[in-house]
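What follows is one structure encoded as structure tokens, with my remarks underneath.
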2 protein chains.
Amino acid sequence: MRKINENEIQKVKLGDVADKAGVSRTTVSRVLNNRGYISDKTRQKVHEAVELLNYQPNEIARSLFIKKTYIIGLIFPTTNNPFYGQLIFHLENICESLGYRVLLCNSQGREDKEKDYLKMLQRHQVDGIIAGAHNRGIEEYNNQHLPLVGIDRYLSKNIPVVSSDNYDGGKKATRLLIDKGCKQIIHINGSPSLETPANLRREAYEDVMKENQFHPRTYIIGDNIIERLFDENPNVDGIFASDDLIAANVIREAKRRNINIPGDLKVIGYDGTETTRILLPELSTIQQPVKEIADLAIKLLMKQINGESESQIEWKLPIKLIKGETT
Amino acid sequence: MRKINENEIQKVKLGDVADKAGVSRTTVSRVLNNRGYISDKTRQKVHEAVELLNYQPNEIARSLFIKKTYIIGLIFPTTNNPFYGQLIFHLENICESLGYRVLLCNSQGREDKEKDYLKMLQRHQVDGIIAGAHNRGIEEYNNQHLPLVGIDRYLSKNIPVVSSDNYDGGKKATRLLIDKGCKQIIHINGSPSLETPANLRREAYEDVMKENQFHPRTYIIGDNIIERLFDENPNVDGIFASDDLIAANVIREAKRRNINIPGDLKVIGYDGTETTRILLPELSTIQQPVKEIADLAIKLLMKQINGESESQIEWKLPIKLIKGETT
DNA sequence: ATAAATATGTCAACCGGTTGACATACAGAT
DNA sequence: ATCTGTATGTCAACCGGTTGACATATTTAT
């Protein structure tokens with residue numbers, strides 16, 4: 001550890017270890033990477049020098065040569081959302097257990113940010129990317145000779161997508177409301193122009209409604225959408241929100257209007273994250289298998305990284321209906 | 001873009017751009033980094049070649065030479081917690097705006113993981129680290145010639161710590177309960193052996209209690225702690241939980257026991273994250289200035305990265321009392 | 001006409017590791 | 001005595017950028 005000037009400290013490098021151990025740089029590298037023949041005596045000398053100098057190999061230099069960074073890029077709208085927070089937690093966790101690190105990107109649902117992040121991750125030579133963000137028209141995902149997996153988002157024809165069984169979730173949610181006697185059921189969802197399997201929640205809702213001779217009505221998330229919904233549908237008695245935060249907002253607005261839940265209005269959400277279960281345990285919801293989604297996404301990504309082939313593109317994992325006190 | 005074999009695609013590199021533009025590699029580098037004198041004609045030729053080949057500079061190679069990665073390491077317990085999720089969102093956001101990327105580490109409050117992450121981040125040559133995790137006895141943070149900032153955690157004598165004004169928060173929370181007429185107020189907090197400014201919440205609670213001739217009683221988070229609290233204190237009429245999730249659990253247990261809130265029992269939490277405000281808006285809480293904390297932490301980190309000096313170690317940012325319906 | 005300043009671009013070393021090719025030494029086999 | 005195989009270690013090129021030193025024009029000043 002030689003000082004170069006007051007501010008800059010020269011890091012210990014492989015050559016320093018070699019000098020201290022009295023061997024060549026190659027030998028040190030061989031010892032550290034367990035390659036070729038090395039005598040026990042040499043091995044020990046090297047390890048001692050490493051300890052003594054507290055040597056930390058420079059992964060940047062290593063990555064440059066071996067052309068692998070052991071870094072996975074994650075592109076999601078925001079960690080400030082219980083679902084993504086939980087998902088990212090698991091993704092990072094699994095990566096760590098496999099020796100990979102994670103570069104985090106909050107795209108905030110903005111196409112421009114997502115494009116920039118995608119480029120940035122490539123410049124940083126990440127080994128793969130898992131994206132669950134907004135995606136309309138990000139043609140950059142095509143022709144990307146880079147391992148990719150989408151979560152709840154179609155990125156391109158041949159990029160695998162992992163999601164919960166959105167259709168089943170939508171079906172079960174809608175059926176629950178109907179079974180509980182709701183007659184005027186409204187669905188709140190994101191923009192259908194986003195190409196996501198989450199649209200299947202809406203499809204299922206509409207199918208089930210029609211099956212039961214009800215008239216489906218879907219509101220698209222937007223400004224004051226919940227107030228408008230109540231204003232325009234004073235007799236609404238069932239709401240299926242496509243995520244728990246929206247459901248919570250619905251409940252709050254209902255309270256404000258003195259609408260009794262579940263007496264006059266039944267509400268069911270979607271996601272069922274751990275945070276929601278703690279903060280709003282009474283909410284009925286469709287719980288996504290977050291950990292399983294993360295597991296599968298990583299598994300599919302690793303397959304690509306290791307050059308193994310896999311023809312299945314769409315993967316659906318079973319959801320769980322949680323009957324709370326809001327239905 | 002030459003194919004080497006079926007699986008491996010050779011990336012476009014600087015030399016390819018140089019060839020295409022009919023100049024040397026140095027010239028291309030100069031153009032891309034705006035250094036030295038370059039004629040407009042040359043500049044344009046280079047840019048055309050870059051476009052044509054869709055050239056993405058290899059940041060790894062660049063980092064190796066300039067000894068800077070523009071990567072910041074974040075070590076926090078878990079993104080699956082509204083407070084950290086929101087904090088990490090802002091941290092990433094600010095970093096991005098400054099041209100830095102973020103390597104995410106979920107230490108899960110485990111000392112061994114935190115140590116491993118710290119080493120890993122160093123091997124990856126990150127430019128700095130912001131940590132808000134468990135820290136007892138991580139002496140590795142000392143003698144780290146690496147820009148560091150702690151959030152709500154003392155890492156080492158001379159590493160800056162940013163936190164909300166925990167003492168003021170604890171004071172305001174306790175006073176609110178007293179003002180509302182509570183006589184038997186109990187505080188729930190994490191282990192006091194963790195060296196965090198969050199302990200000041202407890203200190204303030206105890207000080208205010210004594211000031212008012214009340215007997216302070218603090219429970220440390222653990223298994224079935226909330227049930228035990230109720231069992232052991234049937235007459236408790238005020239609970240100050242050191243975070244909102246705990247407060248939510250208290251509320252749930254109270255409901256189970258048919259204890260009316262806020263009639264028989266008043267509850268106040270701490271954090272006031274956006275998620276809590278949506279899912280449990282009625283909860284009284286002390287709101288931390290999450291964005292401001294992130295802003296300041298990054299500012300302090302950048303100062304270190306840029307070699308500017310700063311003598312202040314502890315930084316406290318004002319909290320906001322949110323009076324909800326649980327008090 | 002000549003020196004000095006301004007443009008423009010090339011060469012080659014360097015960042016800190018990794019690894020194929022090669023040198024040397026020695027034991028055992030023929 | 002010679003060959004083969006096993007051990008042990010060194011040399012130097014390489015990964016893909018960056019940059020100081022230097023060469024060559026071209027323009028301006030004296």
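Quick note on labels: first sequence line is chain A, next is B, and so on, each numbered from 1.
A nucleotide of DNA chain D counts as in contact with chain A when one of its atoms lies under 4.0 Å from a heavy atom; the first and last such, 5' to 3', are dA7(D) to dG16(D).
Judged by distance alone, the side chains of Glu314(A) and Tyr154(A) do bring a donor and an acceptor atom under 3.5 Å apart. Side-chain contact, Ser29(A) with Thr26(A): no donor N or O sits under 3.5 Å from an acceptor N or O.
With values rounded to the nearest 0.5 angstrom, Gln44(A) atom CD is found 10.5 Å from Lys41(A) atom NZ. To the nearest 0.5 Å, the span separating CD1 on Ile88(B) from SG on Cys95(B) amounts to 11.5 Å.
Among the atoms of the strands shown, only primed sugar atoms or phosphate atoms (P, OP1, OP2) are found under 4.0 Å from some heavy atom of Ser39(B). As judged by a 4.0 angstrom heavy-atom cut-off over every strand, Ser63(A) is placed among residues making no nucleic acid contact. Among the heavy atoms of the strands lying under 4.0 Å from Arg25(B) is at least one base atom, whether or not backbone atoms are also near.
Residue order along DNA chain D, read from the 5' end via each residue's closest nucleotide, puts Val23(A) first among Val23(A) and Ile60(B). Comparing Arg30(B) and Leu64(B) along DNA chain D, the residue whose closest nucleotide (by nearest heavy atom) sits nearer the 5' end is Leu64(B). Between Leu14(A) and Thr26(B), it is Thr26(B) whose nearest contact on DNA chain C lies nearer the 5' terminus.
Under the 4.5 Å side-chain criterion, counting only non-hydrogen atoms from C-beta, Ser164(A) is not in contact with Leu317(A).
Ion pairing between Arg101(A) and Glu92(A) fails under the 4.0 Å rule for side-chain N and carboxylate O.
For the pair Thr196(B) and Asp152(B), the tightest heavy-atom approach, listed with the atom from each and the gap, is OG1-O, 2.9 Å.
A rotation axis mapping the C1' atoms of four pairs onto the next four is fitted at both ends of the helix from dA1(C)-dT30(D) to dT30(C)-dA1(D) over five pairs, and the angle between these axes is 60° to 10 degrees.
Cation-pi geometry between Lys68(B) and Tyr70(B) is satisfied (NZ or CZ under 6.0 Å from the ring centre, within 45° of the ring normal).
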